[in-house]
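Here is the structure we will look at, set down as structure tokens.
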Amino acid sequence: MTTSNTIRRLNAADPDFARHLAHLLSWESVSDDSVNQRVLDIIKNVRERGDAALVEYTQRFDGLQVASMAELILPRERLELALTRITPAQRQALEKAADRVRSYHERQKQDSWSYTEADGTVLGQKVTPLDRAGLYVPGGKASYPSSVLMNAIPAKVAGVGEVVMVVPTPRGEINELVLAAACIAGVDRVFTIGGAQAVAALAYGTESVPQVDKVVGPGNIYVATAKRHVFGQVGIDMIAGPSEILVVCDGQTDPDWIAMDLFSQAEHDEDAQAILVSPDAEFLDKVAASIARLMPTMERAEIINTSINGRGALIKVADMTQAIEVANRIAPEHLELSVADPEAWLPQIRHAGAIFMGRHTSEALGDYCAGPNHVLPTSGTARFSSPLGVYDFQKRSSIIFCSEQGASELGKTASVLARGESLTAHARSAEYRIVDNEQEGK
Ligand SMILES: NC(=O)c1ccc[n+]([C@@H]2O[C@H](COP(=O)([O-])OP(=O)(O)OC[C@H]3O[C@@H](n4cnc5c(N)ncnc54)[C@H](O)[C@@H]3O)[C@@H](O)[C@H]2O)c1
Ligand SMILES: N[C@H](CO)Cc1c[nH]c[nH+]1
Ligand SMILES: [Zn+2]
């Protein structure tokens, strides 16, 4: 996709609108064949060469001149040291955010359940936390202490046996807030590796990095593509790739607020996507003017500019009903309903990772401290994925405990169905348990 000097304009009344929108949203527009091939090569190399490959990739992609894997392992004491190196205000903010995230996630915890039928048969589900989870904390273009909390707290609430974190430290720059957040959240082990190589290490294990049962967490396109490829070898939470924001506005919010909300996600990554949908054409012009005026004031103007002009859009729709249709088509990671009465529109929203209601709820509050998780599905996967949660760190086993009478009754039904499938061993296994022996001898 080419980058122009101004943000793209689309109009839902255009006969080609659906095609233009599909092109704007396509996964291929960020993960092309070269990304895919590079990620496959990295995964293969880490599987075959373990720590040696991790050291080489860390030198190459993170500009870190380490001699051995030992230099990429942080002991728990280093996390505790970080807590003493941050300011009291930073520690207070981390602890406040952690408390809010924990209290929100504690409500998600699922317990085992069962019920007993009249004949004494017990049916249910046993809920078990994962033995070991791998958390990916991004660290290429920004540092993400908030992502440490968002990944680790639900894992801890679920009762995961061991929580292993990976985080790249480009050029060896360690972010003390990231390590302090890991200490507060109770992370067990930290490796300073990132990208596709870190995902591969967690999925397959190396001499130093333990193999985990599930890899969770957000990352850039290399990380998101790697998670797609290791799925099956390990579980993954979702595709949580480059950040996205879709603002639906009735035209009555301060245009500077909306421009900054778009920037807030654009500043994550050149591949991030920021889109505004409104029925008010004049308002779209005002936001375009705010974007142009505010852009030079931004510290990360270069990244924002590439993202906004490469993958962003201002979309004119006929009315709010059409705005909601477009939002459901996009299925964004973050949806801001910057309108007078967001609750009136909420029932019609079907696909979004997180929904920010009303003019005062900026998406940024959700990124840090509102309480809900900020690890969210991107690239339209909110159609079938949910925010990271305690449920991602719990799995379920079915429980079936038949009484003698229950087994006898169920055996009759199972026998008929098994013989219908010509699976005679199944049928006879069930028939052995039929008490009146009607079926015996078949
Ligand atoms: N969806 C979510 O829930 C969510 C939450 C937070 C952040 N994010 C996103 O996470 C991403 C963070 O990206 P980041 O880059 O800052 O950090 P990152 O840790 O995701 O990626 C950095 C790593 O990418 C690899 N890499 C970079 N260029 C490469 C190349 N050319 N070839 C191979 N590997 C390469 C390197 O190994 C590097 O360590 C952003 O896209 C942000 O929008 C998403
Ligand atoms: N917006 C990101 C999720 O897409 C999360 C984040 C962390 N820090 C700032 N923002
Ligand atoms: Zn953000």
Side-chain angles (χ1 to χ4, degrees), residues 30-32 34-43 45-46 53-54 56-64 72 97 101 135-151 165-171 173 175 177-178 181 191-201 216-227 237-245 260-274 300 303-304 307 311 332-334 336 353-354 356 362-370 372-379 381-382 385-388:
V30 286
S31 188
D32 59 16
S34 69
V35 170
N36 206 36
Q37 194 48 55
R38 175 169 281 198
V39 166
L40 285 171
D41 291 345
I42 291 172
I43 293 172
N45 203 6
V46 171
L54 288 180
E56 280 171 25
Y57 285 128
T58 303
Q59 292 172 346
R60 180 164 152 202
F61 296 129
D62 294 336
L64 226 166
L72 300 173
V101 171
L135 317 181
Y136 189 91
V137 173
K141 298 190 172 104
S143 292
Y144 289 95
S146 54
S147 298
V148 176
L149 303 181
M150 298 290 177
N151 271 306
M165 176 178 131
V166 293
V167 57
T169 54
R171 297 163 302 285
E173 289 157 22
N175 183 292
L177 271 174
V178 165
F191 296 88
T192 53
I193 53 175
Q197 59 275 18
V199 173
V216 306
N220 66 11
I221 200 58
Y222 296 96
V223 173
T225 304
K227 279 173 70 184
D237 49 347
M238 69 187 92
I239 302 300
S243 302
E244 303 165 355
I245 184 167
M260 200 56 71
D261 294 354
L262 298 174
F263 287 179
S264 77
Q265 295 311 287
E267 76 174 343
H268 279 291
D269 195 330
E270 291 87 350
D271 291 332
Q273 185 154 61
R300 296 165 75 90
I303 295 177
I304 297 174
S307 158
R311 300 203 70 224
E333 180 194 11
H334 306 107
E336 267 189 24
F356 297 80
S362 73
E363 189 278 343
L365 300 180
D367 280 349
Y368 295 105
C369 51
N373 210 288
H374 82 201
V375 181
L376 297 164
T378 57
S379 316
T381 59
S385 291
S386 309
L388 185 68

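For ligands, and for the atoms within them, numbers begin at 1 and follow the listed sequence. One is the number of the first residue; the rest follow in order along the sequence. Because the structure is a prediction, the values reported are computed rather than measured.
By the 3.5 Å distance cut-off applied to N or O atoms, Ser243 is counted among the residues near ligand 2.
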Dump the pairs for me: ligand 1 N or O, protein N or O, distance under 3.5 Å, to 0.1 Å.
from, atom 1, to, atom 2, distance (Å)
ligand 1, 1 (N), Gly241, O, 3.2
ligand 1, 1 (N), Glu333, OE2, 2.9
ligand 1, 1 (N), Leu376, O, 3.3
ligand 1, 3 (O), Glu333, OE2, 3.2
ligand 1, 3 (O), His374, O, 3.0
ligand 1, 3 (O), Leu376, N, 2.9
ligand 1, 15 (O), Asn220, ND2, 3.2
ligand 1, 16 (O), Gly140, N, 3.3
ligand 1, 16 (O), Lys141, N, 2.6
ligand 1, 17 (O), Gly139, N, 3.4
ligand 1, 17 (O), Gly140, N, 2.9
ligand 1, 19 (O), Tyr136, OH, 2.7
ligand 1, 19 (O), Gly139, N, 2.9
ligand 1, 20 (O), Asn220, N, 2.7
ligand 1, 21 (O), Asn220, ND2, 2.8
ligand 1, 24 (O), Asn220, ND2, 3.0
ligand 1, 31 (N), Arg38, NH1, 3.1
ligand 1, 31 (N), Tyr222, OH, 3.2
ligand 1, 32 (N), Arg38, NH1, 2.8
ligand 1, 37 (O), Gln197, NE2, 3.1
ligand 1, 39 (O), Asp62, OD1, 2.6
ligand 1, 39 (O), Asp62, OD2, 3.4
ligand 1, 41 (O), Asp269, OD2, 2.6
ligand 1, 43 (O), Ser243, N, 2.8
ligand 1, 43 (O), Ser243, OG, 2.6

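Listed by atom number, the atoms of ligand 2 under 4.0 Å from Tyr368 heavy atoms are 8 (N), 9 (C). Numbered from 1 in the order shown, with element, the atoms of ligand 2 that lie under 4.0 Å from a heavy atom of Gln265 read 1 (N), 2 (C), 4 (O). If you number the atoms of ligand 2 from 1 as listed, the ones under 4.0 Å from a heavy atom of Ser146 come out as 7 (C), 8 (N). Atoms of ligand 2 lying under 4.0 Å from at least one heavy atom of Glu363, given by number and element, are 1 (N). Against a heavy-atom cut-off of under 4.0 Å, Tyr144 is close to the following atoms of ligand 2: 7 (C), 8 (N).
Counting only heavy atoms of the protein, atom 3 (C) of ligand 2 lies nearest to Glu333 OE2, 3.3 Å. Of the protein's heavy atoms, His268 NE2, 3.5 Å lies nearest to atom 2 (C) of ligand 2.
The shortest side-chain heavy-atom distance between Pro242 and His268 does not fall under the 4.5 Å cut-off. Considering only heavy atoms from C-beta on, Ser385 stays 4.5 Å or farther from Asp237 through its side chain. Side chains of Pro145 and Tyr368 form no contact here, defined as non-hydrogen atoms less than 4.5 Å apart. Side-chain contact between Lys227 and Tyr136: absent, with no pair of heavy atoms (C-beta onward) separated by less than 4.5 Å. Between Asp261 and Glu363 the shortest side-chain heavy-atom distance does not fall below 4.5 Å. Side chains of Thr381 and Met238 form no contact here, defined as non-hydrogen atoms less than 4.5 Å apart. Residues Asp367 and Gln265 have side chains in contact (heavy-atom distance under 4.5 Å, counting atoms from C-beta outward). Side-chain contact between Gln273 and Thr378 is absent, with no heavy atoms from C-beta onward closer than 4.5 Å.
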Derivation and outcome, side-chain contact (heavy atoms from CB on, under 4.5 Å), residues Asp269 and Asn220: CA-CA 8 Å; Asp269 195 330; Asn220 66 11; 3.9 Å; yes
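Screening Leu54, Thr58, Val166 for a side chain to side chain contact (heavy atoms under 4.5 Å, CB included) with Phe191, the sole residue that qualifies is Val166.
For atom 10 (N) of ligand 2, the choice among Ile245, Asp367, Asn373 with the nearest heavy atom turns out to be Asp367.
Of all protein N/O/S atoms, those lying under 2.8 Å from the Zn ion (ligand 3) come to 2.
Across every non-hydrogen atom of Tyr57 and Ile42, the tightest pair is OH-CA, 3.5 Å.
Using a 4.0 Å cutoff on heavy atoms, Met150 does not count as a contact of ligand 2.
Note that the CD1 atom of Ile304 and the CG atom of Leu262 stand 10.5 Å from one another [nearest 0.5 Å]. In this structure, NE2 in His334 is found 5.0 Å from CZ in Phe356, a value given to the nearest 0.5 Å.
Glu244 and Arg311 are not joined by a salt bridge, as no carboxylate oxygen comes within less than 4.0 angstrom of a charged side-chain nitrogen.
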